Structures are given as C-alpha cells and as structure tokens.
Amino acid sequence: MKLKRAEWYEVPHYWPQVETLVASALRHGNIAFQPEDIYQSLLGRGMQLWLALDGEAIRAMAVTHIQVYPRARTCVVMLVGGTGIDRWIDFEADLCAWAVSQGCVAMEGLGRRGWGRKVADQGWREVWILYRKRLDAVKD
C-alpha cells in the first residue's frame, strides 16, 4: 500500500471513487461542508486530497487544509475515511513530513473521540475535540 497526494488537476479523476468516503466522513457531526464544497476546495487548491492506494484500489482517503494563524501554520486533517485502518495509519508520518515541508509547526485533526485510541501512540492528544501533534521540538 502507498500514500499519494492527488494534485488538484487529478481530483476529477479520483472524485467518483472518494466522494462516498467524503460524504460518510461528513455525516459525523459536520454542519459546515457538503461533499461538493470539499470538491471545489480541492480543485481550488485550498485543500489537499490524500489517497491510500492498494495497487489501483483506493482503500482510504484524507483531506487536509493548511491553516494560517498570525504566528503559526498548522496542517489540519479535516476528513479521514476508508477501510483497513491498520494498513494505512502509519502514513501519518508521511503527512507530518509534508506538513513540515509546508512550514507547519503542528498537525491538527478534527474527529470523534474514537480517533484518540488510534492515534495516541503517534503523539496525538485530544485538545477539546481537536487532536493536535506538535511537529517542532517543543511539546505542549
């Protein structure tokens, strides 16, 4: 299995395969986005689409967004969906490396409490219902 960041111009190719995963991820308490909003932001380069590929088959997807604050940049994992999490959860390290290359000092993840069990051993901790992992030497 490999991780692929889909370029903005590749999104229309992958969208038919990931739209259901996006819609499913959005059903859990989201009021701010619909799948078409995510699609438009991916095309406009405001968000990034990540794919866990098993050959040509998409096993999972994630959508990220670079959040720029006055004194920091973070990479927010907005959505995650798919099957076989134990086969792709280790791609988290690749996402972190990409985020550092984009000038981010932390990863943030919006998700249900159940995600805490899956990501705690990778340095994530719950901050309200926002999970955060520092990418620099300072730990909060």
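Heavy atoms only: backbone and side chains are in, while hydrogens, waters and symmetry mates are out. Nothing here was measured: the structure is a model prediction, and the numbers come from that model.
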Does [X] reach the side chain of [Y], with side-chain heavy atoms less than 4.5 Å apart?
X: Met47; Y: Thr64; result: no
X: Lys4; Y: Glu10; result: yes
X: Leu42; Y: Trp8; result: no
X: Phe33; Y: Met78; result: yes
X: Leu26; Y: Pro35; result: yes
X: Leu3; Y: Trp88; result: no
X: Val63; Y: Met61; result: yes
X: Arg5; Y: Trp98; result: yes

#### Entry: By ring-ring contact (aromatic ring centres under 6.0 Å, His included) - contacts of Tyr39 (at least two apart)
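Partners of Tyr39 by the ring-ring contact (aromatic ring centres under 6.0 Å, His included) criterion, ordered by chain and then number, come out as Trp15.
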Distance from [X] atom [atom1] to [Y] atom [atom2], nearest 0.5 Å?
X: Arg134; Y: Met107; atom1: CZ; atom2: CE; result: 13.5 Å
X: Leu95; Y: Gln48; atom1: CG; atom2: CD; result: 10.0 Å
X: Leu79; Y: Ser24; atom1: CG; atom2: OG; result: 10.0 Å
X: Gln67; Y: Cys104; atom1: CD; atom2: SG; result: 10.0 Å
X: Gln102; Y: Cys75; atom1: CD; atom2: SG; result: 8.5 Å
X: Arg73; Y: Leu135; atom1: CZ; atom2: CG; result: 12.5 Å

### Query
Which atoms form the tightest heavy-atom contact between Gln17 and His13, and what is the distance?
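Scanning both residues completely, I find the closest heavy atoms to be NE2-O, 3.8 Å.
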### Task
Grab the two heavy atoms, one from His65 and one from Gly46, that are nearest each other, plus how far apart they are.
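Minimum heavy-atom separation between His65 and Gly46: ND1-O, 3.0 Å.
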### Task
Treating Ile, Leu, Val, Met, Phe, Trp and Tyr as nodes and any side-chain heavy-atom pair under 4.5 angstrom as an edge, say whether Val105 and Ile66 lie in one connected cluster.
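Cluster IDs for Val105 and Ile66 differ.
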### Cluster link Val18 to Tyr9, ILVMFWY, side chain under 4.5 Å
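They do not share one cluster, since no chain of ILVMFWY contacts under 4.5 Å joins Val18 to Tyr9.
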### Query
Under 3.5 Å, is there a donor-acceptor pair between the Glu108 and Thr74 side chains?
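The answer is yes; a qualifying pair exists.
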